[in-house]
Amino acid sequence: MAKTFTIAVDGPAAAGKGTISKAVAAHFGFAHLDTGLLYRAVGAKLLLGMEPITAAQTLTAEDLEADDLRSPEVAQAASKVAVIAEVRAALLDFQRSFARRAGGAVLDGRDIGTVICPNAEAKLFVTASAEVRADRRFAELAASGAAISRAQVLADVKERDARDRDRAEAPLKPAEDAVEIDTSEMKIEVAIEAAIAVIEAKQAG
Ligand code: CDP
């Protein structure tokens, strides 16, 4: 049977976690879970008037394919529901089972290395300056046709980071054994190579 191997990728908003995680998963042939999507799906339901704990407890795979999950409004709603302990608890088992699936898994989020998978075989903490992260997110949003200014994106990123860092439940912080990759002045290809090198070193021993 294929072995399990969990890679935890955490970091602040728009640091490049998603791009790095997808590339790492493809490189090693592992499955990938963007855990932010779970919180975004619950946040989207909050915006539709649903009670967030009920939304988290009844979340379906279809909910993860809803329109607009990448919008700035949904991102803010996600970080608001993410402070609720019962919401986080409702999403825990799914994430843990995904992490231990045969053949290996990459999970990206905020608390993967600290809370969801404290025993992950490899842990990365991907960061970049708030300015650089805002630039990247602004470019993504502008390309998708969103009407938002760069200044608003920067303000959103900072507000979300503060809420994620200061919350009592599973705050955003690097695990003690995480390897930090600061992508502020790195091309994404270089960041991906750095991540792969860290993981290969862990696999080797
Ligand atoms: O893509 P981006 O980095 O901007 O955000 P995301 O990963 O989609 O996460 C959206 C929000 O969900 C975050 O701001 C967190 O509040 C929350 N989240 C969390 O609390 N724990 C996770 N493991 C993943 C996301």
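Both counts, for ligands and for their atoms, begin at 1 and track the order of listing.
Tested against R133 for a salt bridge (Lys or Arg N to Asp or Glu O under 4.0 Å), the candidates D182, D161, D156 yield a single pass: D161.
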Under 3.5 Å, which donor-acceptor pairs do the side chains of residues 13-26 form with other protein atoms, sequence neighbours left out?
from	atom 1	to	atom 2	distance (Å)
K17	NZ	G11	O	3.4
K17	NZ	P12	O	2.9
S21	OG	K17	O	2.6

For residues 31-40, please give each side-chain donor-acceptor pair under 3.5 Å, one per line with the distance, not counting sequence neighbours.
from	atom 1	to	atom 2	distance (Å)
H32	NE2	D108	OD1	2.6
D34	OD1	G36	N	3.0
D34	OD1	L37	N	3.4
D34	OD2	R70	NH2	2.8
T35	OG1	D108	O	2.6
Y39	OH	R88	NH2	3.2
R40	NH1	L69	O	2.9

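At a cut-off of 3.5 Å, with distance as the only test, a side-chain donor of D63 or T60 sits close to an acceptor on the other residue.
Checked against side-chain contact (heavy atoms from CB on, under 4.5 Å), A122 has the following partners two or more places apart in sequence or in another chain: F5, I7, I199, K202.
Taking the charged nitrogens against the carboxylate oxygens, D164 and R110 do have a contact shorter than 4.0 Å, which makes a salt bridge.
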What does the contact table look like for ligand 1 (nitrogen or oxygen on each side, cut-off under 3.5 Å)?
from	atom 1	to	atom 2	distance (Å)
ligand 1	1 (O)	R40	NH2	3.4
ligand 1	1 (O)	R137	NH2	3.2
ligand 1	3 (O)	A14	N	3.1
ligand 1	3 (O)	K17	NZ	2.9
ligand 1	3 (O)	R110	NH2	3.2
ligand 1	4 (O)	R40	NH2	3.3
ligand 1	4 (O)	R137	NH1	2.8
ligand 1	4 (O)	R137	NH2	3.4
ligand 1	4 (O)	R160	NH1	3.3
ligand 1	4 (O)	R160	NH2	2.7
ligand 1	5 (O)	R40	NH2	3.3
ligand 1	5 (O)	R110	NH2	3.2
ligand 1	5 (O)	R160	NH1	3.3
ligand 1	7 (O)	R110	NH1	3.0
ligand 1	8 (O)	R40	NE	2.5
ligand 1	8 (O)	R40	NH2	3.4
ligand 1	14 (O)	R110	NH2	3.4
ligand 1	14 (O)	R160	NH1	2.9
ligand 1	14 (O)	D164	OD2	2.7
ligand 1	16 (O)	D164	OD1	2.6
ligand 1	16 (O)	D164	OD2	3.3
ligand 1	20 (O)	R88	NH1	2.8
ligand 1	20 (O)	R88	NH2	3.4
ligand 1	20 (O)	R167	NH1	2.9
ligand 1	20 (O)	R167	NH2	3.0
ligand 1	21 (N)	R88	NH2	3.0
ligand 1	23 (N)	T35	OG1	3.0
ligand 1	23 (N)	R110	N	3.2
ligand 1	23 (N)	D111	OD1	3.0

